[in-house]
Amino acid sequence: MAKKHLVLVGNGMAGVRCIEEILKLGGNEEFEISIFGDEPHVNYNRIMLSAVLAGDTTVKDIELNSLEWYEENNISLYVNEKVTRVDKEKQVLYTDKGRETSYDHVILATGSNPFILPVPGADLKGVIAFRSIEDCETMIDAAKTYKKAVVIGGGLLGLEAARGLLNLGMEVDVVHLPEYLMERQLDEVASGLLRKELEQQGMNFLMSKMTTEICGTDRVEKVKFKDGTETEADLVVMAVGIKPNIAVAVESGIEVNRGIVVNDFLQTSAENIYAVGECAEHRNMVYGLVAPLWEQGKVLANHITGKHQEVGYEGSVLSTKLKVSGVNVFSAGEFLNTPESKSIRVHDEFVGVYKKVVIQDNKVIGAVLYGDTSEGTKLFNMIQSQDDISGLSSVNIIQNVGTDDAGSTTTLSDQDTVCGCNGVTKGEIVRAIKEDGLCSVNEISSCTNAGRSCGSCKPIVGEILAETIGSELASASNKETICGCTDLSHEEVVEEIRAKGLTHTREVMNVLGWKTEDGCSKCRPALNYYLGMVQPTNYQDERESRFVNERMHANIQKDGTYSVVPRMYGGVTNPADLRKIADVAEKYQVPLVKVTGGQRIDLIGVKKEDLPAVWEELGMPSGYAYGKTLRTVKTCVGESFCRFGTQDSIGLGIALEKKFERLNTPHKVKMAVSACPRNCAESGIKDVGIVGIEGAWEIHVAGNGGATLRKGDLFAKVTTTEEVIEITAAFLQYYRETARYLERTSHWVERVGLENIKEKILNDDKFRSELVERMEVTLSTLVKDPWEEIIESETLKDELFKNKRIEVLQ
Ligand SMILES: Cc1cc2nc3c(=O)[nH]c(=O)nc-3n(C[C@H](O)[C@H](O)[C@H](O)COP(=O)(O)OP(=O)(O)OC[C@H]3O[C@@H](n4cnc5c(N)ncnc54)[C@H](O)[C@@H]3O)c2cc1C
Ligand SMILES: NC(=O)c1ccc[n+]([C@@H]2O[C@H](COP(=O)([O-])OP(=O)(O)OC[C@H]3O[C@@H](n4cnc5c(N)ncnc54)[C@H](O)[C@@H]3O)[C@@H](O)[C@H]2O)c1
Ligand code: SF4
Ligand code: FES
C-alpha cells in the first residue's frame, strides 16, 4: 500500500516531539514524512536558550534532533523554508520558496511569535525579542561592544534574559508594568523575596513603568516611560509575552480565535489538518509552556496512527520554575486566593523560605514555593490528582514528613509526575529502569524523555534510580555497557562474538539477548565495527549500521551540504591534482575551498546529489575525512629541502598512509612524521607521531590535539623505517582489538596503561608478530576505494544520492 504523505509545518519542540511519538507507534510504515521549518536549524531545545545566554551550555548542546536523526528516520527536512498556505480542497501546501507539496495529513506546529510593544522606536537597531538562537547570538555579540541592557517585562523570560545579560557583563534594568514581578506565577510575598534576591545579584528594577517610546538615531539609545522618566539603553530585549502564530491557518481559511482552534483530538476545522503546541487553542486555552505540548503530541500521534483512545486531550494543569541560578521558585495551579479558597502558609524570614498551598473543597488547587522547592513535585501531583486531603494535617501537606532518612522520592506514588516538562511519572521511570536495565540518568532521559527539557527534574530522577537499583547502582554504573540495549560491556560482547563465532549484527542481538529488536544508533555501529575487526575476511560490512557520514563517505555540514576531502598522501600534491580540484570547485560552485589542518584540501558545501560526479571528476582516492579510520599522515619537508632534516619524513609519511589507509579503527587515527625534534608536523599530538633523531626514529603514541590536549608518550626508538612500520602496525592492531568503539588512542592508553601495551608489543616478539599478521590479513581485504565503488555502482548511487532527503534552501 502506498504511504500517505504527512507534512509537519514547524520544525520546533511540539511538532517534532509529535513526530517522535508517531515514529514510536510505527508511523514510518504508514507515512512518508516531510518537515518544513522556517528557522535555519534542526530542532533544538528552545527552553535551554536561557542557559546558552547565561553561558552554562552551548548552541550545539541544545540540539534535540540531529540531521542524522532526520536521515535515519527517512524524514525529508526543509529548513529555512516557510509554509505560506494550505489549499484544503486540492490538498496542496505552498512555501515561500515556490514549492508546492501535496499532502494527506498536515500538522500545524507553528508556535508563537514574541509580542512586540507597538511603541515608536520598536524597530530600531538593538531592539530585539528573545525567542531564537539568532536572538541569543545577537545578545551575546552586543555584550561584547555595549554596556547597558534594558529588559522590558519582568516575567519568566525577562528575568532569565536579564540573568544571562548580567553573566555577559552588562548592566541590566528590568522594566515591569505591574507592581510586582512574575505576577502571573507568584503572589506578592514570593515576588518580593524574588526581587530582593535578584537585586542582590545585580539587577535593577524599574517597577510600574509603562514604556511609551524607544529613542535613538541609528541604534537604540534610551527608553522613555509614561511617568516622564527615562533610562539609557544600548540593547532592549522585549519579553512582554507571546502570541500564537496563526498566519498559515488564517491564510488557509482554518478556524482561528486567539490560536488555531482544535478539538480534543487536535483536529482543526479542516479535514486532515491538525494543530499542536503553542499555536493551538484548546477549550479556549493557549499554552506557553512545554508540558501541555507533549500531552497534545501523544494524543495526536495516537489519533493519526489510528490507535483507539477513549478520551482525547483534556487540557493541562501548569507548573513553572524560574531558571535563574541561586533562585528557587515554583508555582502551580491557582496560586492566588479567592473568596472560595483558603491557604496554608509558612514564611521563615530567617532562612528566606516561603510556602503557600491554596486549598478549595478539601483539594489542593495551587501552590507557590520560594527558597525551598523540594515539595514542588508532590504538590503538583496533589493538584493534578485532586485527591481529598481532609485526612492530612497542614504540616503533612506543606512539608515532607517522615522522609528524612528515606529521601523525598519514596513518598511519590507510581502515578506521580516527576518530570513536569515531559509528563513522565515515577512509575514510567521505575519501569524503564527495571525493564531496560538502565543505570544512568542520561539513559533514563533518552528512554523516557524525563529531564530532556529544562533538566530541573534530573536530581529526582537520580534519586529514583538510586532507590530502584539500590546498592547495585555503584557496580552497575561502573560497568560501561555498550548502550541501554544490553547489559553487556564492550569487552564482553567482543568475547562472545569470538567464542560463539557470531557473524551478523542481528545474530549478535538475538544470541546475546538484546533488549531492543533493532538495537540503537549506539550499539549498531559498535557491533558492525567489532564484527569486522574479529572476522576481517568473512564479515560483510553493514552500510546501514554506520553513522550517516560513513554511509555517505562525506561529512554532512550544518546546512545539509557535504564536504569532500580527497587523499593527498603525506600532504603532498602536484599541479595536475590542484588543477582538477580547481576545475571541480568551479564547475560545482563549491562555496568554500579550504586547506585543512591535516595538510589537504577540503571542498566544503557540495550538494548531496553532486557528490558522485565530484568524486569521479576529481579521480583521487577518498581522504576518509569522515571515518573512524586513518585520517592523515602529516609530514614536514625533512631531508628533501630543510636544512635541519637528515631523514626522509615525506617518504615515511607516504608509506605509512598508503599502508594503513581504509583501516577501520575504533575511532579516528591521525599520524605525523617530523624529520627532527623541531617537530614541524606536530608529531607530539598525534595518535602515532614519528620524530627523526640522530640515526633513529622515535615513535610517540596517544597524543591528541583536540578538546583535551594530550602530549604523546614516547613508545619506542628504532633505527629503520621498516621497524617504524612494523611497530605502528602492531600498536594499531592492539588498539583495534582491545579499545572500546569510539575510544581514542589517548583514552585507551590511559585506561589500559602504557607500560602494559609496551610489555605486550615491544617485549613479546611472538605476540607482536601475531598482531602484525592479523593486521596484514585485515589490510589485504581493504582493496577498493569507497568513492570508486560508488561511482561504479548505479544501485549505490540511486540508493544514496538520488533521494534528496535533507534540503536546505538559503
Ligand atoms: C528563552 C526561552 C525559555 C523558555 N523556557 C521554558 C521553560 O523553562 N519551561 C517551559 O515549559 N517552556 C519554556 N519556554 C517556552 C517553550 O520553549 C515553548 O513552549 C515551546 O518551544 C513551544 O513549542 P512549539 O513547537 O509550539 O513552538 P516553537 O518551539 O516556537 O516551534 C515552532 C516552529 O515553527 C516554525 N514556524 C512557524 N511558522 C512556520 C511556517 N509557516 N513554516 C515553517 N515553519 C514555521 C518556527 O520558526 C519555529 O521553529 C521557553 C521559551 C523561551 C524562548
Ligand atoms: N522558566 C520558564 O518556564 C520559562 C522561561 C522563559 C519563557 N517561558 C515562556 O515563554 C513565554 C514568554 O515569556 P514572557 O515572560 O515573555 O511571557 P509572560 O506573559 O509570562 O510574561 C510577560 C511579563 O511582561 C509583563 N509586561 C507586559 N507588558 C509590559 C510592559 N509594557 N512593560 C513591562 N512589562 C510588561 C507582564 O506583566 C508579564 O509579567 C511564556 O509563555 C513563558 O511561560 C517560560
Ligand atoms: S621538523 Fe625539522 S626537519 Fe622537519 S621541517 Fe621542521 S626543522 Fe625541518
Ligand atoms: S521538569 Fe523540566 S525536564 Fe523534567
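In each ligand, atom 1 is the first atom listed, and ligand 1 is the first ligand listed. For this chain, numbers begin at 1 and follow the sequence in order.
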Rounded to the nearest 0.5 Å, what separates atom [atom1] in [X] from atom [atom2] in [Y]?
X	Y	atom1	atom2	value
I460	T377	CD1	OG1	3.5 Å
S208	F225	OG	CZ	11.5 Å
E698	I693	CD	CD1	4.5 Å
M203	E171	CE	CD	14.0 Å

Geometric cation-pi criterion R678 and F644, 6.0 Å radius, 45° cone: yes
Decide whether [X] and [Y] meet the rule of one side-chain donor and one side-chain acceptor closer than 3.5 Å.
X	Y	result
E188	S191	no
N381	S385	no
D135	S132	yes
N45	E63	no
E657	T632	no
D187	Y354	yes
D173	T231	yes
S674	S649	no
Q185	S331	no
T373	Y370	no

For [atom], what is the closest protein heavy atom, and at what distance to 0.1 Å?
atom	result
atom 3 (O) of ligand 2	L289 CD2, 3.4 Å
atom 38 (C) of ligand 2	E183 OE2, 3.5 Å
atom 2 (Fe) of ligand 3	C676 SG, 2.3 Å
atom 12 (C) of ligand 2	I242 CG2, 3.8 Å
atom 32 (N) of ligand 2	I152 CG2, 3.5 Å
atom 8 (Fe) of ligand 3	C642 SG, 2.3 Å
atom 17 (O) of ligand 2	G241 CA, 3.4 Å
atom 3 (S) of ligand 3	G645 CA, 3.4 Å
atom 33 (C) of ligand 2	L177 N, 3.2 Å
atom 26 (N) of ligand 2	V240 CG1, 3.9 Å
atom 1 (S) of ligand 3	C680 N, 3.3 Å
atom 20 (O) of ligand 2	Q185 NE2, 3.9 Å

Option of least heavy-atom distance to atom 22 (C) of ligand 2 (set: S319, A239, G153): A239
Report yes if [X] has an N/O atom closer than 3.5 Å to an N/O atom of ligand 2; otherwise report no.
X	answer
R184	yes
E160	yes
G288	yes

Candidate pair K209 and T229, rule side-chain hydrogen bond (donor to acceptor under 3.5 Å, both in side chains), full reasoning: CA-CA 9 Å; K209 297 272 183 198; T229 56; 2.9 Å; yes
Atoms in ligand 3 with a heavy atom of N679 nearer than 4.0 Å: 1 (S)
Those atoms of ligand 3 less than 4.0 Å from some heavy atom in F644: 7 (S)
L117 to ligand 2, any heavy atom closer than 4.0 Å: yes
Proximity of S112 to ligand 2 by residue part, where a heavy atom lies under 4.0 Å: neither
Under-4.0 Å heavy-atom contact with ligand 2, by part of K321 that carries it: backbone
Any M207 side-chain heavy atom under 4.5 Å of L181 side chain: yes
Metal check, atom 2 (Fe) of ligand 3 vs C636 N/O/S, cut-off below 2.8 Å: no
Which ligand 2 atoms are under 4.0 Å away from a heavy-atom of [X]?
X	result
K323	1 (N), 5 (C)
P178	37 (O)
V175	33 (C), 34 (N)

Geometric class of the Y313/H282 ring pair [parallel <30°, tilted 30-60°, perpendicular >60°]: tilted
Heteroatoms of the protein, restricted to N/O/S, which lie under 2.8 Å from atom 2 (Fe) of ligand 4: C421 SG, C454 SG
